[in-house]
Number of protein chains: 2
Amino acid sequence: MAATVLVVEDEPAIQELIAFNLKQTGHVALTATSAELADRMIKETMPDLILLDWMLPGMSGIEFARKLKADAFTKSIPLIMLTARGEEQDKVRGLETGADDYVTKPFSPRELSARIKAVLRRRAPQMTDDQVEVAGLALDPITHRVTGNGASVDLGPTEFRLLHFLMTHPERVHSRTQLLDNVWGNQVYVEERTVDVHIRRLRRALEPTQHDNLVQTVRGSGYRLSHRV
Amino acid sequence: MAATVLVVEDEPAIQELIAFNLKQTGHVALTATSAELADRMIKETMPDLILLDWMLPGMSGIEFARKLKADAFTKSIPLIMLTARGEEQDKVRGLETGADDYVTKPFSPRELSARIKAVLRRRAPQMTDDQVEVAGLALDPITHRVTGNGASVDLGPTEFRLLHFLMTHPERVHSRTQLLDNVWGNQVYVEERTVDVHIRRLRRALEPTQHDNLVQTVRGSGYRLSHRV
DNA sequence: ACGGATTGTCACCAAATGGTCACATTGCCT
DNA sequence: AGGCAATGTGACCATTTGGTGACAATCCGT
């Protein structure tokens, strides 16, 4: 999953190393050597993720992190702190400032990319190939297989995408328009009521394993996937 | 939450980009390429927010902004100005005319939507999708769920909107007219007394969890949501 | 090309919802 | 206490919304 990552790090060697690894894993790397520079770049590009070194010239990393999390516009950007080894108390303080994760130097490229992936996953869940599971209903995007309590469930392509979207965005109400945009793609024109029909087909397919009640109607708003009553 | 946003921008590419992103974030996008056209659309649709380009053919953006803020009908509509980069003095003048915020081009979709959300929250808290909680009564616009001390509360669409408005504007008395404007929308004509009936329905729905006394009658004025007796 | 699967629409139905009225109740003032 | 105005409340009916089966067009593998 391609993401734009801003690396705030003053040591050129480390900076390049990270940038290289980011590109290797399919991301776009932006770099800044100071908080001031980073600040400007954030406003311009609104990156999907920020990697922030603990120690920076001028404004310290922790100070900068606090500033980012205080600003309503940047607050929602995931933040990973890079700390020197063994500074355990720093980790604590880092998480207090609202960092989503931290990585201690030296780190392996694999570890870094794993953490990046984990943090990004929280943002765009349906983009990943991860298996999803809700109340005994499991969907595997890779094998394209759905099982209810182990028993296999047969779905058409549209119902599969619909269920995948719902399962990666559970509990949340989606209007018919949102579903059309996210499941059908936003360039095709189909009737809103068509969603109803596919919801119906999805429910029917889930009936054998009693999972049809996961797909809930919210009158006047849309549909929701939830295990709660 | 879903808001109707009017985009006044003469460059088709930018206009489309913005409209696309608005739809992505769940808003309804209207577009106008000139101040004259925008003027007509505003009268017709009364958008929740206006995005106004600085540079427009004919009447300039700043001139139009001033006009909007001088008119009693449009004065209260939040306004975000789109300015070219680095025109710092323009920002100042823009804010002087009553713009609520400004965004410098080029901007990222994320920044724009963050600012839109921030402006809407300031002007119309019930348009945002933040959770609200008052005295054990919780309402979540995203999942479209209401719980009283954890127990789920069942509401019809109108009662849900009514409660949402009251909870985002607590401790304040709202006349029937104000409630009609904010909950029903100000273009529909319904009897004032209809509000009473929906207040009644809302109270009944809140009875099971003893939250019905939050909805208070202020004789001669209207209704209020408050945890105080 | 054939046959099954898939998909978008439609028509029809049941249920939910919303607005209004009529009447009951409450509160406030003299 | 009496009377008036404001509000509460139940019922009714029209409208809206969503569920559902049927159907025709299209797609796709054989």
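Quick note: numbers below take in every heavy atom, side chains included, and nothing from hydrogens, waters or symmetry partners. Every chain is numbered from 1, with letters handed out A, B, ... down the list of sequences.
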Task: Length of the CZ-P vector between A:R176 and D:dT17, whole Å - done: 9 Å

Open item on the list: What's the closest nucleotide to the side chain of A:R204 if the choices are D:dT7, C:dC21, D:dG21?
Closed with: D:dG21

Task: Pair B:D196 + B:R176, salt bridge at N-O below 4.0 Å - done: yes

TODO: Respond yes when some side-chain nitrogen or oxygen of A:W184 is under 4.0 Å from OP1 or OP2 of C:dT7, and no when none is.
DONE: no

Open item on the list: Over all strands shown, is B:Y223 touching base, sugar-phosphate only, or nothing at heavy-atom distances under 4.0 angstrom?
Closed with: sugar-phosphate

Task: Selection from D:dG8, C:dA16, C:dG8 that lies nearest to any side-chain heavy atom of B:T217 - done: D:dG8

Open item on the list: Categorize B:V218 for me: base, sugar-phosphate, or nothing, with a 4.0 angstrom heavy-atom threshold over every strand shown.
Closed with: sugar-phosphate

TODO: With the side chain of A:R219 defined as its heavy atoms from C-beta on, choose the nearest nucleotide among D:dG19, D:dT17, C:dC10.
DONE: D:dT17

Task: NZ/NE/NH1/NH2 to OD/OE distance under 4.0 Å, B:D140 and B:R145 - done: no

- [ ] Nearest whole angstrom, please: distance from the P of C:dT7 to the OH of A:Y189.
- [x] 19 Å

TODO: Tell me which nucleotide among C:dT20, D:dG21, C:dT17 gets nearest to the side chain of B:V190.
DONE: C:dT20

Open item on the list: Without decimals, in angstroms, what is the distance between B:E191 CD and D:dA6 P?
Closed with: 15 Å

Task: Spacing of A:Q216 atom CD relative to D:dG19 atom C1', expressed in whole Å - done: 16 Å

Open item on the list: Looking at the base of D:dG18, is there any donor atom on it, or on the side chain of A:R193, that sits under 3.5 Å from an acceptor on the other one?
Closed with: yes

Open item on the list: Is there a side-chain contact between A:R200 and the phosphate of D:dG18, meaning an N or O under 4.0 Å from OP1 or OP2?
Closed with: no

- [ ] Please work out if B:E192 contacts a base, only the sugar-phosphate, or nothing of the nucleic acid, heavy-atom cut-off 4.0 Å.
- [x] nothing

Task: Modelled atom types, side-chain donor and acceptor of A:S221 and B:H144, under 3.5 Å - done: yes

- [ ] List in chain and number order the residues that pass salt bridge (charged side-chain N to carboxylate O under 4.0 Å, His left out) with B:D10, two or more places apart in sequence or in another chain; answer none if no residue qualifies.
- [x] none

Open item on the list: As a test of reading the structure: which of D:dG21, D:dG18, C:dT17 is closest to the side chain of A:D196, going by heavy atoms?
Closed with: D:dG18

- [ ] Just jot down the salt bridge (charged side-chain N to carboxylate O under 4.0 Å, His left out) partners of A:R224, sequence neighbours excluded, or say none.
- [x] none

TODO: Describe the nucleic acid contact of A:T194 in one word from base, sugar-phosphate, nothing, applying a heavy-atom distance below 4.0 Å.
DONE: base

- [ ] Specify the separation, in whole Å, of atom CG of A:L202 and atom P of C:dT7.
- [x] 12 Å

Open item on the list: Under 4.0 Å, heavy atoms only, any strand: does A:R201 hit a base, just the sugar-phosphate, or nothing?
Closed with: base

Task: Nearest-neighbour nucleotide for the B:T158 side chain, D:dT9, C:dT7, C:dT17 considered - done: C:dT17

